[in-house]
Amino acid sequence: MNSIESGKNGRRWRKFKKIRRGYYSLLIFSLLFTTSLVAEVISNDKPFLVKYDNHYFCPILYSYPETTFGGDFDSEADYRDPYILEKITRDPNWVLFPLNPYSYDTINTQLDRPVPSHPDQENYLGTDDRGRDVLARLIYGFRLSVLFGLTLTIIGTLFGIIAGAVQGYFGGKTDLFFQRFIEIWGAMPELYLLIIFAAIFKPSAILLIVLLSMFGWMGLADYVRAEFLKGRNMDYVTAARALGVGNLSIMYRHLLPNGMTPVITFLPFRMSGAILALTSLDFLGLGVPPPTPSLGELLSQGKNNIEAWWLSVSTFVVLVGTLILLIFIGEALRETFDPRKN
């Protein structure tokens, strides 16, 4: 059985690779996401390495007081401060900064023009209305959005699989009870609940994941339920029951693999929906609290500062590009798992 299943998966992978649009979208998305996981190495206001008085320091990993570099205070050194920067770059000392020497909350205090400032050699995509580097906030915001979408997708998928499997396999009163519960639960105003909870509790990504997960499983449960309803009376399931195989084992080993097709094909679309949900909530001010980097917050700044085109354009490119990649991956998966084309 394992060799047959591995051979089937191998054929599906080869078929997926032939769909160039989806395959290259997966490669590009994986590369971007993997790169964003080390955002602190790419965009940070702390140097990789500092050589000062023949000693080497690694500020990106360790905190050093300002007095370490000839400063006056025992607080952590601000490596963007011209006074400290002049000391650690004076010959023979030197400093090695990341490619983009700004973090998502770093305010460029050396600007000689009003904020939001246009792109230049110092801030490649300009600054927002608080003087923070837009490129840094896009990198960190992209990572937050993808991690949020991935977490919400995994949680919603697990709950959807469990609920749909129980409904479809047992049927009868169990299925009837779950269906009435889903109808009532789905009729609840999700946005109003988010507004109420945002007013009661301190907004955070964890709170949003919990609240959205309460509603995000219902759509997938219907597809899993249909697959289990179709398969529970098949001959191999009847034979397994006759041999004394338990219900959980039948659901997990026999029915679930056959019901995973809609689950897998819908994953990229569910993930794109989760990213859009976070962006929309942040745009409305109901999402993650400041100064958390957020694509929705940047879009809101672009709306409030129409003349600062770099805010809207750069965020739009990142958001739409991410969604397009996920949609292409989802379409390729749907064609790969389509039984009519196998």
- For the residue pair Asn304 and Asp129, confirm or rule out a side-chain donor-acceptor distance under 3.5 Å. no
- Look at the side chain of Asp282 and the backbone N and O of Val288, then say whether any donor-acceptor pair between them is shorter than 3.5 Å. yes
- Query: Can you tell me if Lys15 uses its side chain to pair, donor with acceptor, with the backbone of Glu335 under 3.5 Å?
  - Reply: yes
- Does Phe269 offer a backbone N or O that forms a donor-acceptor pair with the side chain of Ser272 under 3.5 Å? yes
- Leu207 backbone acceptor or donor facing Ser204 side chain under 3.5 Å: yes
- Could I get the full list of ring-ring contact (aromatic ring centres under 6.0 Å, His included) partners for Tyr79, not counting sequence neighbours? Phe69
- Over 60° means perpendicular and under 30° means parallel, so classify the ring planes of His55 and Phe57, tilted if in between. tilted
- Under the salt bridge (Lys or Arg N to Asp or Glu O under 4.0 Å) test, residues paired with Asp120 that sit two or more places apart: Arg113
- Message: When you measure from the side chain of Thr153 to the backbone of Leu267, do you find a donor-acceptor pair of N or O atoms at a distance under 3.5 Å?
- Response: no
- Query: With sequence neighbours left out, what residues match Arg232 under salt bridge (Lys or Arg N to Asp or Glu O under 4.0 Å)?
  - Reply: none
- Trp185 side chain vs Met214 backbone, donor-acceptor pair below 3.5 Å: yes
- Without swapping roles, check the side chain of Ser30 against the backbone of Leu27 for a donor-acceptor pair under 3.5 Å. no
- Task: Tell me yes or no: between the side chains of Glu183 and Gln179, is some donor less than 3.5 Å from an acceptor?
- Result: no
- Message: Restricting to salt bridge (Lys or Arg N to Asp or Glu O under 4.0 Å), what partner residues turn up for Asp175, sequence neighbours left out?
- Response: Arg225
- Item | Backbone N/O of Trp310 and side chain of Ser314: donor-acceptor pair under 3.5 Å | yes
- Task: Could you pull out all residues at least two apart from Phe197 that satisfy ring-ring contact (aromatic ring centres under 6.0 Å, His included)?
- Result: Phe201
- Query: Is there any ring pair (Phe, Tyr, Trp, His ring centres under 6.0 Å) pair reaching into residues 102-160, and which pairs are they, with sequence neighbours excluded?
  - Reply: Tyr104-Tyr140
- Message: Using only atom types and a distance under 3.5 Å, with no angle test, would you say the side chain of Ser312 pairs donor to acceptor with the backbone of Trp309?
- Response: no
- Between Ser300 and Gly296, is there a donor-acceptor pair closer than 3.5 Å when you use the side chain of the first and the backbone of the second? no
